[in-house]
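Have a look at the structure below before the remarks.
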Amino acid sequence: MTVFEKKVLRIISKIPLGEVRSYKWVAQKAGKPNAYRAVANALSKNKYPLFIPCHRVIYSSGEIGGYFLGKPLKEKLIKLEQKIKSMIK
DNA sequence: ATATAGCGGATCA
DNA sequence: TGATCCGCTATAT
């Protein structure tokens with residue numbers, strides 16, 4: 001577990017409910033604006049994916065990226081969270 | 001829309 | 001070290 005990974009995990013865990021961020025955004029917050037690939041790598045090697053809202057991290061284009069649970073599920077989770085967000089509002 | 005290169009960090013040999 | 005992989009991105013067709 002490297003410092004960079006910790007930063008990434010911390011940052012992603014702070015993403016609000018229903019919000020989505022790009023890999024680039026996360027990389028910038030981690031202090032390595034060009035390390036978006038490393039972010040993806042870190043997440044794929046992440047030991048606790050269920051405790052990290054990695055489904056809120058998508059392409060910079062806004063498209064759903066890859067996901068260890070499957071892209072369709074990832075998209076569903078995002079929409080579900082948006083729904084919850086509007087519900088509790 | 002597709003192809004390509006580049007890039008940072010992890011992993012393996 | 002060096003090669004290779006990745007849940008990527010920007011740029012050029």
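Protein chains get the first letters and strands the later ones, always in sequence-line order, with residue 1 at the start of each. As the structure is a prediction and not an experimental result, all values here were calculated from the model.
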Inset, instruction - Under 4.0 Å between any heavy atoms, over every strand shown, what does A/A38 touch: base, sugar-phosphate, or nothing? Just pick one. - result: base
Legend entry - Sugar-phosphate, base or nothing in reach of A/S61, heavy atoms under 4.0 Å: nothing
Measure the spacing between [atom1] of [X] and [atom2] of [Y] and express it to the nearest 0.5 Å.
X     : Y     : atom1 : atom2 : value
A/L77 : A/L69 : CG    : CG    : 7.5 Å
A/F68 : A/L73 : CZ    : CG    : 8.5 Å
A/I78 : A/I64 : CD1   : CD1   : 3.5 Å
A/I15 : A/H55 : CD1   : NE2   : 9.0 Å

Legend entry - Qualifying salt bridge (Lys or Arg N to Asp or Glu O under 4.0 Å) pairs with a residue from residues 75-89 of chain A, counting only residues at least two apart or across chains: A/E19-A/K85, A/R56-A/E81
Inset, instruction - Could you list all the salt bridge (Lys or Arg N to Asp or Glu O under 4.0 Å) pairs where at least one residue sits in residues 30-40 of chain A, not counting sequence neighbours? - result: none
Legend entry - Residue pair A/I58 / A/G62: nearest heavy atoms and the distance that separates them: CD1-O, 3.6 Å
Legend entry - Heavy-atom closest contact (A/C54 atom, A/P49 atom, distance): SG-O, 3.9 Å
Inset, instruction - Share the residues that join A/M87 in a hydrophobic cluster, the rule being Ile, Leu, Val, Met, Phe, Trp or Tyr side chains under 4.5 Å apart at the heavy-atom level. - result: none
Going by number, which of [range] have a non-hydrogen atom under 4.0 Å from DNA chain C?
range                     : result
residues 3-20 of chain A  : none
residues 26-36 of chain A : A/Y36
residues 63-79 of chain A : A/G66, A/Y67, A/F68

Inset, instruction - For the pair A/W25 and A/I11, evaluate side-chain contact (heavy atoms from CB on, under 4.5 Å) and give the outcome as yes or no after the intermediate values. - result: CA-CA 10 Å; A/W25 183 92; A/I11 292 165; 3.6 Å; yes
Legend entry - Dot-bracket notation for DNA chain C, counting Watson-Crick and G-U pairs under 3.5 Å, with | for partners on another strand: ||||||.||||||
Suppose we screen for side chain to side chain contact (heavy atoms under 4.5 Å, CB included). Which residues come up paired with [X], at least two apart in sequence or across chains?
X     : value
A/Y48 : A/N46, A/F51
A/S86 : none
A/A27 : A/Y36, A/V39
A/S60 : A/S22

Legend entry - A/K74 side-chain N/O to A/V57 backbone N/O, donor-acceptor pair under 3.5 Å: yes
Inset, instruction - Select from A/R37 and A/M1 the residue whose nearest nucleotide in DNA chain B is closer to the 5' end of that strand. - result: A/R37
Legend entry - Donor-acceptor pair (no angle test) under 3.5 Å: A/Y23 side chain, C/dG7 base: yes
Inset, instruction - Considering only heavy atoms of chain A and a distance under 4.0 Å, specify the first and last nucleotide of DNA chain B in 5' to 3' order that meet this criterion. - result: B/dG6 to B/dT11
